[in-house]
Asks: 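Here's a structure for you.
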Amino acid sequence: QKEVEQDPGPLSVPEGAIVSLNCTYSNSAFQYFMWYRQYSRKGPELLMYTYSSGNKEDGRFTAQVDKSSKYISLFIRDSQPSDSATYLCAPRITGRRALTFGSGTRLQVQP
Amino acid sequence: DGGITQSPKYLFRKEGQNVTLSCEQNLNHDAMYWYRQDPGQGLRLIYYSQIVNDFQKGDIAEGYSVSREKKESFPLTVTSAQKNPTAFYLCASSTTGQGNQPQHFGDGTRLSIL
């Protein structure tokens with residue numbers, strides 16, 4: 001079993017829709033939860049991160065962590081065509097330098 | 001502008017050949033990383049370094065080698081022992097210390113076999 005599971009998509013939505021991207025994980029030692037966005041042929045860029053359980057909001061983006069069910073979500077409100085990219089969740093254990101990446105979900109926002 | 005520069009953008013390797021991928025950062029970060037990205041598999045850690053002249057193997061280090069002679073530079077050599085080198089290679093860097101230190105990525109090198 002992979003430590004982090006993510007539906008590869010593609011997920012296709014109309015412009016303006018609310019998007020929900022999700023990951024599940026198996027290692028209860030994960031404490032930091034990162035979301036990266038990766039455009040085609042580019043490196044991942046950090047969108048936001050949360051520590052432990054709870055919500056964090058940044059503009060149109062909300063990250064949510066439910067440690068009891070080992071479930072991570074990223075919500076995008078008012079989605080735009082420029083949001084079309086692959087979204088990678090990446091949890092991390094405190095004290096472990098490296099990240100563990102999900103396989104990424106490809107999102108397509110149709111104008 | 002601070003950032004991570006990877007070169008070349010595209011690289012072709014012949015059978016039995018070693019190739020070296022360059023990664024330079026001007027973010028003054030202590031830690032640097034190399035990941036490999038294959039379709040449908042996300043990113044996997046090859047090597048990382050937390051300080052100059054020191055580095056550790058990641059999950060898939062076989063067939064790869066690195067050096068860290070300068071803080072700014074962390075080149076990756078894909079040796080002929082790596083039998084399936086075709087992939088997208090990503091270099092990242094971060095600060096070290098307490099709390100979360102997010103990793104920042106370069107724009108990758110795409111390696112293919114001739």
Side-chain angles (χ1 to χ4, degrees), chain A residues 1-10 21-27 29-54 56 58 63 65 72 85-106, chain B residues 3-10 21 23 25 27 29-51 54-61 74 87-112:
Chain A
Q1 183 192 7
K2 290 183 180 180
E3 278 192 296
V4 183
E5 299 276 3
Q6 196 173 0
D7 188 328
L21 303 164
N22 308 295
C23 287
T24 58
Y25 63 93
S26 56
N27 191 338
F30 287 135
Q31 290 285 351
Y32 295 98
F33 301 90
M34 264 69 68
W35 281 98
Y36 283 84
R37 177 175 62 195
Q38 185 176 24
Y39 291 112
S40 181
R41 300 186 184 85
K42 293 288 190 181
E45 55 177 325
L46 181 68
L47 268 179
M48 55 196 306
Y49 71 88
T50 54
Y51 174 70
S52 196
S53 280
K56 184 174 183 179
D58 184 359
V65 177
I72 316 164
T86 296
Y87 289 81
L88 300 149
C89 63
R92 186 170 79 86
I93 296 170
T94 303
R96 185 197 285 184
R97 193 55 59 195
L99 299 171
T100 303
F101 282 87
S103 55
T105 299
R106 191 156 64 94
Chain B
I4 300 173
T5 302
Q6 290 189 243
S7 62
K9 214 169 173 61
Y10 300 95
L21 284 60
C23 178
Q25 55 99 357
L27 299 167
H29 286 169
D30 286 310
M32 296 187 74
Y33 315 79
W34 274 105
Y35 290 90
R36 169 179 171 141
Q37 188 173 30
D38 294 280
Q41 292 196 46
L43 281 71
R44 292 181 290 166
L45 183 68
I46 304 172
Y47 269 98
Y48 68 100
S49 166
Q50 296 192 71
I51 197 167
D54 186 49
F55 47 82
Q56 287 80 40
K57 292 181 179 180
D59 300 320
I60 55 165
F74 191 40
F88 190 43
Y89 290 87
L90 289 158
C91 177
S93 71
S94 73
T95 57
T96 57
Q98 296 297 321
N100 193 37
Q101 300 87 33
Q103 293 179 18
H104 301 268
F105 286 83
D107 277 340
T109 293
R110 192 166 297 277
L111 176 62
S112 302

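In what follows, chains are A, B, ... by sequence order, proteins preceding strands, each numbered from 1.
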Asks: Looking at residues at least two apart in the chain, or sitting in another chain, which of them share a side chain to side chain donor-acceptor pair (under 3.5 Å) with A:Glu5?
Replies: none
Asks: Can you tell me how far CD of B:Gln101 sits from OH of A:Tyr49, rounded to the nearest 0.5 angstrom?
Replies: 8.5 Å
Asks: Against chain A, label B:Gln6 side chain, backbone, both or neither, depending on which of its atoms sit under 4.5 Å from a heavy atom there.
Replies: neither
Asks: Going by salt bridge (charged side-chain N to carboxylate O under 4.0 Å, His left out), name the pairs with one or both residues in residues 38-51 of chain B, residues two or more places apart or in two chains.
Replies: B:Arg36-B:Asp38, B:Asp38-B:Arg44
Asks: In terms of heavy-atom proximity below 4.5 Å to chain A, should B:Gln56 be classed as side chain, backbone, both, or neither?
Replies: neither
Asks: Against chain B, work out which of A:Arg106, A:Arg92, A:Arg41, A:Gln31 has the most heavy-atom pairs shorter than 4.5 Å and name it.
Replies: A:Arg92
Asks: What part of B:Tyr10 is in contact with chain A, defined as an atom under 4.5 angstrom from a non-hydrogen atom: side chain, backbone, both or neither?
Replies: side chain
Asks: Between A:Tyr36 and B:Gln103, is there a donor-acceptor pair closer than 3.5 Å when you use the side chain of the first and the backbone of the second?
Replies: yes
Asks: Walk me through it: do B:Tyr35 and A:Leu99 pass the test side-chain contact (heavy atoms from CB on, under 4.5 Å)?
Replies: CA-CA 10 Å; B:Tyr35 290 90; A:Leu99 299 171; 3.9 Å; yes
Asks: Closest heavy-atom contact between B:Leu43 and A:Pro44?
Replies: CD2-CG, 4.3 Å
Asks: Is it true that, when you exclude A:Lys42 itself, more than 12 heavy atoms of the residues, nucleotides or ligands shown sit nearer than 6.0 Å to its NZ?
Replies: no
Asks: Of the backbone (N, CA, C, O) and the side chain (C-beta and beyond), which part of B:Leu45 lies under 4.5 Å from a heavy atom of chain A, both, or neither?
Replies: side chain
Asks: Just wondering, more than 12 heavy atoms not from B:Ile51 lying within 6.0 Å of its CD1?
Replies: no
Asks: Which value, rounded to the nearest 0.5 Å, describes the distance between B:Asp107 atom CG and A:Gln38 atom CD?
Replies: 9.5 Å
